[in-house]
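Just below is one structure, and these are the notes that go with it.
When a ligand or atom number is given, it counts from 1 through the structure's own listing order.
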Amino acid sequence: MAQEMTIPVYLDVDTGVDDAMAILLAVRHPALEVRGITTVVGNVDLGQVTRNTLQVLEVAGAGDVPVVSGASRPLVAQARSAAAVHAADGLGNASLPPPSREAAGDDAVAFLRSELLAAPKPVTLIALAPLTNIALLFQTAPKVKEKVRELAIMGGAFGVGNATPVAEFNILHDPEAADIVFRSGVPILMYGLDVFRRVCFTEEEVDRWFASPSYLASRPYPDTPPALVGHLFHFLFSNFRRSFTSIGDAGCVGAVIDRSGLTTELLPVYIETGGRYCRGQTVVDRRPRDLVNRRGEEAVESCTAVALDIDGDFYREMFRQAVGNGSTGTG
Ligand code: BDR
Ligand code: CA
């Protein structure tokens, strides 16, 4: 039956324009059962991230999904803000009304620990933010790892970074946490910048399938999922002065829903925690195996499926169908 076919997931977010799109896809798509959302400092401060998450869920008609806040700072480093990318409120100045509820708690690690340990079957974690909460979870309750079917991470890059020439924002924000998580032995999907940038909509498509600037101007605030997505995209178009942009974190949720549009390979991944230029880099070993063997290096068994290529149209269509106007999502 449909209910039994759903994939139980927990999201860890730093909402965030593209986290908002990811939350909308996750709660609207009938294939997922979102059992809870935890928040962490990242794009904006923890209070704002948590408020944004609650607001987005209300717009999505999913005000019953538990939201629990977590780490307000990285393990070692100072928090950095990405307000230049997401606006001071983290939601492209969406002006959403204050949420009608508060977070269900402020100990994300305890929440995930008790949920996972009680889960009858392993579940999927989707981490779209710095990995602070997840690292603390694995460190303080290693037994939960047995209950993680997969940890899908938006983070890292084997190619060009964004926060530095080689580092992606979520990893750079807390490299020590990322190091713990990537060495945890849990099966990981690394949905990095190499594919993250490649699921895009143009302005004309956003106007047609989500919301146009004139429609948005006629509303006090973006009060439906397509309107909110329209608002977020139009903010990105104007902020980056581009006529197309990616669904960002939402692509990682899409990959959990259906892996068939993604090409992955199990590869060793190391997190650079030192380095003058490379702190926060995800060092992906893509060397031919025979070269590694010939060099006499010890074989490394990897649990990380690195996303190498993506069918952008496949995930665009999934997103449009679940969140766009006339969507079939079950809300
Ligand atoms: C990642 O960093 C954040 O700004 C986005 O929400 C995304 O998770 C991209 O580097
Ligand atoms: Ca994010």
Checking ring-ring contact (aromatic ring centres under 6.0 Å, His included) between Phe319 and each of Phe210, Trp209, Phe314, which is the one that passes?
Phe210
Please indicate how many protein N/O/S atoms are found closer than 3.0 Å to the Ca ion (ligand 2), with waters neither displayed nor included.
5
Run the side chain to side chain contact (heavy atoms under 4.5 Å, CB included) test against Pro213 and tell me which residues pass, sequence neighbours left out.
Asp207, His234
N/O contact list for ligand 1, threshold under 3.5 Å:
from, atom 1, to, atom 2, distance (Å)
ligand 1, 2 (O), Asn170, OD1, 3.4
ligand 1, 4 (O), Asn43, OD1, 2.6
ligand 1, 4 (O), His86, NE2, 3.0
ligand 1, 6 (O), Asp18, OD1, 2.6
ligand 1, 6 (O), Asp18, OD2, 3.4
ligand 1, 6 (O), Asp19, OD1, 3.0
ligand 1, 6 (O), Asn43, ND2, 3.1
ligand 1, 6 (O), Asp249, OD2, 3.2
ligand 1, 8 (O), Leu128, O, 3.1
ligand 1, 8 (O), Asn170, ND2, 3.0
ligand 1, 8 (O), Asp249, OD1, 2.6
ligand 1, 8 (O), Asp249, OD2, 3.0
ligand 1, 10 (O), Asn162, ND2, 2.8
ligand 1, 10 (O), Glu168, OE2, 2.4

Please identify each residue that fulfils side chain to side chain contact (heavy atoms under 4.5 Å, CB included) with Ala83, with sequence neighbours left out.
Ser81
If you count heavy atoms of other groups shown closer than 6.0 angstrom to CG of Asp106, is the number above 12?
no
Step by step, work out the side chain to side chain donor-acceptor pair (under 3.5 Å) result for Thr282 and Glu168.
CA-CA 8 Å; Thr282 41; Glu168 181 279 328; over 6 Å; no
Flag if over 12 foreign heavy atoms under 6.0 Å of CD, Glu297
yes
Looking at Phe244, does the NZ or CZ of Arg242 lie under 6.0 angstrom from its six-membered ring centre and within 45 degrees of the ring axis?
yes
Could you check whether Arg320 pairs with Glu317 (Lys NZ or Arg NE/NH1/NH2 to Asp/Glu carboxylate O, under 4.0 Å)?
yes
Would you check if the side chain of Arg35 reaches a backbone N or O of Val9 as a donor-acceptor pair within less than 3.5 Å?
no
